[in-house]
Amino acid sequence: MVKTRIAPSPTGFPHVGTAYIGIFSYAWARKNGGRFIVRIEDTDRKRYVKGAEEGILRSLKWLGLDYDEGPDVGGPNGPYRQSERLELYRRYAQQLLDAGLAYRAFETSEELAAIREELQKKGLGYGYDGRARRIPREEAEARAAAGEPHVIRLKTPDSGSTIITDELRGNIEFAAEEIPDVVLLKSDGFPTYHLAVVVDDHLMEVSDVIRGEDWLVSTPIQKLLYQAFGWDEPKWYHLPLLRAPGGAKLSKRTGHTSLDYYRQAGYLPEALRNYLATMGFSMPDGREIFTLQEMIEAFSWDRVSLGGPVFDEEKLRWMNGKYIREVLSLEEVCERLKPFLQGAGLGWESDAYLCKVTEAMRPRFETLSEFVEKSAYFFDENYPFAPKAEKELKKGLRELREVRDILAALPELSHEQSEAAIKEYAQERGLKLRKVMQPLRAAITGSLATPGMYELLEIFGKERVLARIERALQHAEELEDGR
RNA sequence: GGCCCCUUCGACUAGCGGUUAGGUCACCGCCCUUUCAAGGCGGCGGCACGGGUUCGAGUCCCGUAGGGGUCACCA
């Protein structure tokens, strides 16, 4: 059975990179009718951030990546939090020690720094020369028994090479000199990534490891570990890393990397997930808007490209707008807008009203928060007047008063009736339509960028329109006086 | 710097030996139009470079360059 996992570290906010890898892991598992699991890699006590795990799990769910096993849902191979599996790692480290495949090392961090520097001078790329291998077994055990702080290191080959198979790139060969005797168990008794990931992936029966390319060069270490334990290694897939505009790895400095940001900015999880999927994956028919389900159906590794994709928020915005105006139903969009309106302290008289406004605004906003920014005048009678709107008001006072009377004479401001009346008025007076529309628009919205006038009139209704015009007229007078 | 990976328009990508190198975002123009959008139509723009292999290379091989990753008791 195909089993994939996402293994985030709770060291901060939920990262888009986690979601990106998660989407591919999820798709591959579902494609094969397999399982997708979440494991929390919290073995670094220094970098642990309280609440980070919750944020990550919430984000995965938000994106629709439901997992079959995880720290909060359990599963047959738990616990799914590495900090709760320490005994396991110690036991397996001991096993390697007993087999002579690992050894205890007693250098302090200062000594290691010195060794590293020395090796650096000799032009060697990494930081430990394996000197503790020479400590006799009995002596090492005695020192350990006496409580001397130490780590356990993997004994890697002195010569030859290790060849790994990356499913996306083929065989990659690493010379023995490139594979250091890495630490497996730290002096605090916690495992390092290498030990923990191998033990857990094996015990949790992960068959396909899908992760970021930054892990590629550490794969031989893990392969060696699988061999040391006598276990079958999983298939390895290394996805290119997301880049920031300019090419550097996406980071806090170069762009928005927190999933919380995207949620708060009013991006839809469907759109973000869709956009992330296009970072490396493409549909056979070239379509860019597709559901998770459609991705799963069409998914194939030879449709995945290996160049590091640049994350372009501009295009994400476009895609989000596309979802708002073409993918989600109008009712769905209205629902999603509610928390954003509430967050801005705006209320709406009824769902029907909110939906009418949303319908009119639909082609005019690309994120949910943008709707709030551009639509406040629909939800507040004391809307402000933009400078440009004030200018239109002053220029068109006469037309505004006249059109007010025209509208006041109508029984109701339906699209059809308003249009007929306004057009007739403009024609009789020989006015360009915009000469009457712009002052009216400025008056009833305080803005010059709005939906069509007849929709506005219908949405507000006669009473509110007339009240708004009066208020604008008054505002214009105050402007005159102030001058 | 050593090692490893990657390389098609500014960005995301299609292409899997024979294509006028296609699509999307962005940008520009036109249309629609009461404003702003959306939408429609059109345009700009690319196979990093050099060698091979081949009747024929964006597609295969080698080299160079560029970009990225990695060299922790972090993941």
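Residue numbers begin at 1 in each chain, while the letters A, B, ... track the order of the sequences. The figures here come from the full heavy-atom set of this structure, side chains too, leaving out hydrogens, waters and symmetry mates.
Between A/Asp312 and A/Lys315 there is no salt bridge, since no side-chain nitrogen of the basic residue lies less than 4.0 Å from a carboxylate oxygen of the acidic one. With respect to the salt-bridge test (charged N to carboxylate O, under 4.0 angstrom), the residues A/Arg317 and A/Glu370 qualify.
Only the C1' atoms considered, B/U54 is 48 Å distant from B/A75, to the nearest whole Å. Going from the C1' atom of B/C9 to that of B/U24 covers 12 Å, rounded to whole Å. Here, B/G68 and B/G29 have their C1' atoms 38 Å apart, quoted to the whole Å. Taking atom C1' in both B/G58 and B/C31, one finds a spacing of 36 Å when rounded to whole Å. Separation of the P atoms belonging to B/A26 and B/U20 is 30 Å when rounded to the nearest angstrom. The P atoms of B/C25 and B/C6 are separated by 30 Å, rounded to the nearest whole Å. Look at the P atom in both B/U8 and B/U33: the space between them is 43 Å, to the nearest Å. Distance check on atom P: B/C27 versus B/A65 gives 37 Å, rounded to whole Å.
Contacts of A/Val151 with the nucleic acid, taken as non-hydrogen atoms under 4.0 Å apart, include base atoms. Among the atoms of the strands shown, only primed sugar atoms or phosphate atoms (P, OP1, OP2) are found under 4.0 Å from some heavy atom of A/Arg325. Contacts of A/Gln438 with the nucleic acid, taken as non-hydrogen atoms under 4.0 Å apart, involve only primed sugar atoms and P, OP1 or OP2. Counting non-hydrogen atoms under 4.0 angstrom, A/Gly307 reaches the backbone sugars and phosphates but no base. Nucleic acid contact class of A/Pro220 (heavy atoms, under 4.0 Å, all strands): none. A/Ser447 comes within 4.0 angstrom of nothing in the nucleic acid, heavy atoms only. Nucleic acid contact for A/Leu216: sugar-phosphate only, since backbone atoms but no base atoms lie under 4.0 Å from a heavy atom of the residue. Contact annotation for A/Pro451: base contact, defined as any heavy-atom pair under 4.0 Å involving a base atom. A/Glu107 comes within contact range of at least one nucleobase, with a heavy-atom separation under 4.0 Å.
Across all strands shown, the partner of B/G1 is B/C71, judged by Watson-Crick or G-U wobble contacts whose two distances both fall under 3.5 Å. With both pairing distances under 3.5 Å, B/U7 is matched to B/A65 as a Watson-Crick or G-U wobble pair. Pairing of B/C41, defined by two Watson-Crick or G-U wobble distances under 3.5 Å, is identified with B/G29.
At least one side-chain nitrogen or oxygen of A/Arg153 sits closer than 4.0 Å to the OP1 or OP2 atom of B/C73. Here A/Arg364 does not reach the OP1 or OP2 of B/G39: none of its side-chain N or O atoms lies under 4.0 Å away. Taking side-chain N and O atoms only, A/Arg116 has a distance below 4.0 Å to OP1 or OP2 of B/A72. An OP1 or OP2 oxygen of B/A14 is reached within less than 4.0 angstrom by a side-chain nitrogen or oxygen of A/Ser282. OP1 or OP2 of B/A75 lies within a sub-4.0 Å distance of a side-chain N or O belonging to A/Lys186. Residue A/Ser305 places at least one side-chain N or O closer than 4.0 Å to OP1 or OP2 of B/U13. Considering only side-chain N and O atoms, A/Arg45 lies nowhere under 4.0 angstrom from the phosphate OP1 or OP2 of B/A75. The phosphate of B/C6 (OP1 or OP2) has no side-chain N or O of A/Lys249 nearer than 4.0 angstrom. Contact annotation: A/Lys315 side-chain N/O to B/U13 OP1/OP2 distance is not under 4.0 Å.
Exactly one of A/Phe371, A/Tyr323, A/Tyr267 qualifies for a ring-ring contact (aromatic ring centres under 6.0 Å, His included) with A/Phe365. That residue is A/Phe371.
Comparing A/Pro309 and A/Leu306 along RNA chain B, the residue whose closest nucleotide (by nearest heavy atom) sits nearer the 5' end is A/Leu306. Mapping A/Gly280 and A/His194 onto RNA chain B by nearest heavy atom places A/Gly280 closer to the 5' end of the strand.
Side-chain N or O atoms of A/Asp201 include none that pairs as donor or acceptor with a backbone N or O of A/Val206 at under 3.5 Å.
Between the side chain of A/Ser187 and the base of B/C73, at least one donor-acceptor pair of N or O atoms lies under 3.5 Å.
Using modelled atom types and a 3.5 Å distance limit, the side chains of A/Glu173 and A/Ser161 yield a donor-acceptor pair.
Contact of the A/Ile23 side chain with the A/Arg273 side chain is registered, since non-hydrogen atoms from C-beta on lie closer than 4.5 Å.
Among residues two or more places apart in sequence or in another chain, the side-chain hydrogen bond (donor to acceptor under 3.5 Å, both in side chains) test is passed with A/Glu332 by A/Arg336.
With rounding to whole Å, A/Trp215 atom CH2 is found 23 Å from B/C3 atom P.
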